[in-house]
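A quick write-up on the structure given underneath.
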Amino acid sequence: MTESTRAASSDEASGSPEHALPTVFDPAAVEAPVYARWIDRGYFEADDTSDKPPYCIVIPPPNVTGSLHLGHAFEHTLIDALVRRRRMQGYEALWMPGMDHAGIATQNVVERELAKEGVSRHDLGREAFVEKVWEWKEESGGKILGQMRRLGDGVAWSRERFTMDDGLSRAVQTIFKRLYDDELIYRAERIINWCVRCHTALSDIEVEHSEDEGELISIRYGDDVVVATTRAETMLGDTAVAVHPDDARYQHLIGTEVELPLTGRKIPVVADTHVDPEFGTGMVKVTPAHDPNDFEIGRRHDLPNLTIMDERGNITAPGPFEGLDRFEARPAIVAALREQGRIVAEKRPYLHAVGHCSRCGTVVEPRLSLQWWVRVEPLAKAAGDAVRDQRVTIHPKSMESRWFGWVDDMHDWCISRQLWWGHRIPVWYGPGGEVVCVGPDDEPPSGEGWVQDDDVLDTWFSSALWPFSTLGWPDETPALAKFYPNQVLVTGYDILFFWVARMMMFGLYANADKGPEQAVPFSEIALHGMVRDQNGKKMSKSFGNAVDPLDWMDAYGSDALRFTLARGANPGVDVPIGEDWVQASRNFCNKLWNATRFALMSGAKVGDLPPADELSVPDRWILSRLHATIAEVDAFYEDFQFAKACDSLFHFAWDEFCDWYVELAKTPLNEGGADAERTRLVLGHVLDTLLRLLHPVTPFVTEVLWTTLTGDESVVVASWPEADHGWADPQAEAGFAGLQRLVTEVRRFRSDQGLKPGQRVAARLSGLDGIAGYEAEIRSLTRLNVPAEEFTATASLTVSGVTVELDLSGAVDVEAERRRLGKDLAAERKALEQSVRKLDNEQFLAKAPDAEVEKVRARRVSAEAEIARLESQLARLDAR
RNA sequence: GGGCGCAUAGCUCAGCGGUAGAGCACUGGUCUUACAAACCAGGGGUCGUUGGUUCGAACCCAACUGCGCCCA
């Protein structure tokens with residue numbers, strides 16, 4: 001028990017003090033101490049040498065500059081639930097924590113800080129700057145790790161890793177060297193996405209495309225060549241015009257030269273099948289140094305690559321535009337062309353896709369540059385095959401097509417970045433043009449004229465190693481032996497390509513010696529959706545609908561946030577979340593709290609249950625339902641159906657246990673004796689089991705309640721409940737359903753008659769038969785008193801053979817009753833009509849399965865009986 | 001422009017061939033001795049449109065419309 005509950009318990013006048021809980025669940029009072037105790041006891045640490053089966057999930061490493069947002073909270077809730085459940089099931093469970101170094105983002109953050117003091121990274125120099133970044137990381141980085149504790153993440157903190165730490169850097173250098181030696185890494189001059197603000201190359205996936213308004217300018221070159229462009233300034237770098245070789249209109253032009261305006265240069269007209277004759281005039285300008293498609297055309301026709309822009313996006317082509325920024329140059333060049341009468345058409349606004357830097361939003365500039373690349377073809381094929389061979393399964397399966405679509409058509413990966421923060425490329429250049437790739441245990445070449453490559457590697461290059469580098473690779477550590485391959489990777493479908501593909505490629509490559517089954521980085525990929533707001537809108541800071549998960553945790557508790565997220569988690573589907581729903585989850589936690597409180601006040605205890613034949617119908621019913629729920633929850637968990645698992649538990653806990661079993665239990669508990677004792681054991685058993693089942697999603701509240709109920713150490717290390725089909729009891733379920741129907745009908749009647757919920761009314765019950773032993777319970781739930789001697793019934797109703805005669809001592813609202821009966825009658829008549837229609841249909845009788853026909857027959861019989869009953873009741877009303 | 005996905009109650013979503021479901025919201029009534037963060041009762045949907053397959057379609061197929069995502 002925590003400090004606060006102990007303190008609060010002294011205020012309780014009644015109940016045994018050691019069991020007393022405050023009347024409401026106060027998450028703020030329990031969460032921090034409970035988490036501290038878990039860490040203290042080392043529950044989340046894992047043993048590399050244990051005999052238990054391994055269960056390892058690595059955290060998709062959050063960015064060192066980041067803080068917890070709802071997307072993290074969502075993903076972490078799911079991972080934590082999986083790992084906690086497996087731990088309870090007896091697995092050696094390990095959730096590996098850590099962060100990546102986020103090359104561009106981190107360098108940007110530190111550069112901004114330096115800029116406040118008027119210092120640039122170039123003033124400091126590379127070494128001093130990197131040192132500054134480390135300082136920043138130690139002081140301000142990793143805020144998210146503390147926030148993960150608030151969420152209750154059960155990670156093995158002693159194993160925390162960082163992509164820039166020594167071990168992981170060694171892993172990076174090892175794989176670089178291997179790939180280099182296998183000729184899977186090469187250096188080449190290509191068109192890359194260049195960020196003119198971050199001054200670095202970006203890979204394809206670091207570019208975000210959006211439909212932006214621009215302009216489409218048609219320009220006449222020479223006398224009769226017209227080309228269209230959205231980036232007019234690039235015309236300065238044109239080295240050809242291309243047409244389709246089969247385009248009849250332009251056959252006469254192929255092989256000729258035209259004059260490029262403003263420059264006076266003569267450029268050739270070439271024929272290339274890449275040109276779409278349908279688009280525009282069917283003639284395109286070719287700027288090989290500033291467009292990826294044009295670069296390819298240029299290669300095919302041996303055209304010169306003319307770079308006309310520098311790294312900052314300023315024009316370098318000599319002439320009047322030299323030094324202008326690309327966006328100043330654009331209108332200036334259009335104006336100059338117009339003056340010469342060379343503008344044939346202008347379309348504004350012209351909507352077209354524009355690439356932006358995913359880190360800073362600046363419009364990306366395609367740029368010819370010398371970079372390092374991974375030749376992905378064999379790696380991507382292996383990644384695709386692993387899924388094709390079922391060595392790795394993707395959940396939900398429907399996402400597989402997305403996976404194949406990507407890995408089967410992957411472009412080479414640009415891995416060099418013109419940054420200082422990151423793993424420096426381990427390649428050295430000698431004075432005589434030598435190129436040496438240095439492995440982790442090699443001495444770099446020294447001596448006059450040797451220099452190391454200036455660039456660093458893409459952050460994803462190191463993240464891709466995460467499933468095994470964090471376990472000690474390239475060394476054959478006990479951790480690696482025990483926990484590789486990982487069991488599951490939980491991540492968003494939106495980044496399936498970002499790094500799942502990369503982890504798969506590198507995992508399979510680096511661990512190929514383990515054999516195809518053991519080389520995979522994980523055997524299952526569980527994809528989740530993105531968190532959206534309560535209107536299904538994407539959350540974003542700029543849109544103003546972003547929510548800080550810490551605010552909601554403060555207001556409603558971590559369990560409430562977690563339960564809301566898990567309950568919304570349908571595989572691969574986006575999850576909307578709103579404050580109302582978090583509040584509802586908080587209410588659920590409080591419901592559990594109070595149910596446990598009631599149980600404890602009633603003396604509930606955990607112990608051996610009596611055999612089924614000594615239990616009551618309600619006991620057997622709730623136990624039957626409990627074990628069915630366990631089986632459901634297990635099946636849903638195995639299929640990553642968090643939403644359904646949570647719904648099952650919510651429904652069982654609230655609608656079945658609290659609303660029915662607990663209410664009904666009050667009767668035997670008040671009577672005392674053996675019935676009370678038996679009820680205490682069932683209450684204790686169900687609650688114990690329920691709290692364990694809920695623990696993976698709502699760890700805090702279940703910890704407090706379970707330890708208070710059982711007196712045991714912690715639910716974190718309690719065993720996971722196992723479904724026992726021996727408790728399945730269709731008879732008890734049927735009997736209980738009859739009882740529920742009766743109670744509900746009486747309540748409806750009372751409500752129709754305007755009786756206050758608490759108002760006790762005398763009534764005579766007859767025909768109880770199978771549920772005769774539970775008359776006291778029925779009276780308690782329906783607030784019906786045992787009639788006195790001089791009882792006179794003024795109203796009556798019958799439900800499945802049971803007749804209830806009540807003394808309403810006053811006017812009976814006949815109209816209300818008639819309305820009710822009429823409504824029920826209409827529903828039954830409709831059901832009858834539908835069944836009859838089917839049974840009259842020869843085709844139905846001939847072709848529908850027998851079981852279906854039987855069902856419809858039974859429905860007709862029950863509808864007829866109900867109609868008879870309702871009609872006779874209506875007749876009795878009319879006779880009055 | 002290419003590919004994929006989704007359209008079910010006011011909102012967010014389940015259901016995916018055999019009588020329309022949940023949570024929240026809504027309406028009426030209640031402090032009934034665990035819980036008003038609660039309890040009891042209730043209203044609400046021709047399952048996007050149009051065709052087709054089938055004894056039977058929210059569910060399968062086709063087209064259309066509208067949204068969303070990814071890629072160019």
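In what follows, chains carry the letters A, B, and so on, assigned in the order in which the sequence lines appear, proteins first and then strands, with residues in each chain numbered from 1. Given the structure is predicted, the values throughout are model-derived calculations rather than measurements.
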Q. With sequence neighbours excluded, what pairs up with F563(A) under the ring pair (Phe, Tyr, Trp, His ring centres under 6.0 Å) test?
A.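 F563(A): ring pair (Phe, Tyr, Trp, His ring centres under 6.0 Å) contacts with F588(A).
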Residues at least two apart in sequence or cross-chain that pass ring pair (Phe, Tyr, Trp, His ring centres under 6.0 Å) with W499(A), listed by chain then number, are W460(A)
request  = Not counting sequence neighbours, which residues clear side chain to side chain donor-acceptor pair (under 3.5 Å) with R388(A)? List them please.
outcome  =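 With neighbours one apart ignored, the set is D385(A), D408(A).
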With sequence neighbours left out, the residues meeting side chain to side chain donor-acceptor pair (under 3.5 Å) with S401(A) are none
Residues within [range] bordering RNA chain B, heavy-atom distance below 4.0 Å:
range: residues 664-671 of chain A; value: K666(A)
range: residues 395-414 of chain A; value: R402(A)
range: residues 647-661 of chain A; value: F650(A), W654(A), C658(A), D659(A)
range: residues 565-574 of chain A; value: R567(A), N570(A), V573(A)

Restricting to salt bridge (charged side-chain N to carboxylate O under 4.0 Å, His left out), what partner residues turn up for E745(A), sequence neighbours left out?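 By the salt bridge (charged side-chain N to carboxylate O under 4.0 Å, His left out) rule, E745(A) matches R748(A).
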Nucleotides 25-31 of chain B: which of its N/O atoms have a protein N/O under 3.5 Å away?
| residue | atom | partner | partner atom | Å |
| --- | --- | --- | --- | --- |
| U30(B) | OP1 | K756(A) | NZ | 3.2 |

Given Watson-Crick and G-U pairs under 3.5 Å, RNA chain B in dot-bracket ([ ] crossing, | other strand) is ((((((((.[[[[.)..(..]]]].(((((.......))))).....[[[[[..)....]]]]]))))))).
For nucleotides 52-55 of chain B, give me every protein contact, N/O to N/O, under 3.5 Å, one pair per line with atom names.
| residue | atom | partner | partner atom | Å |
| --- | --- | --- | --- | --- |
| C55(B) | OP1 | K847(A) | NZ | 2.2 |
| C55(B) | O2' | N841(A) | ND2 | 2.9 |

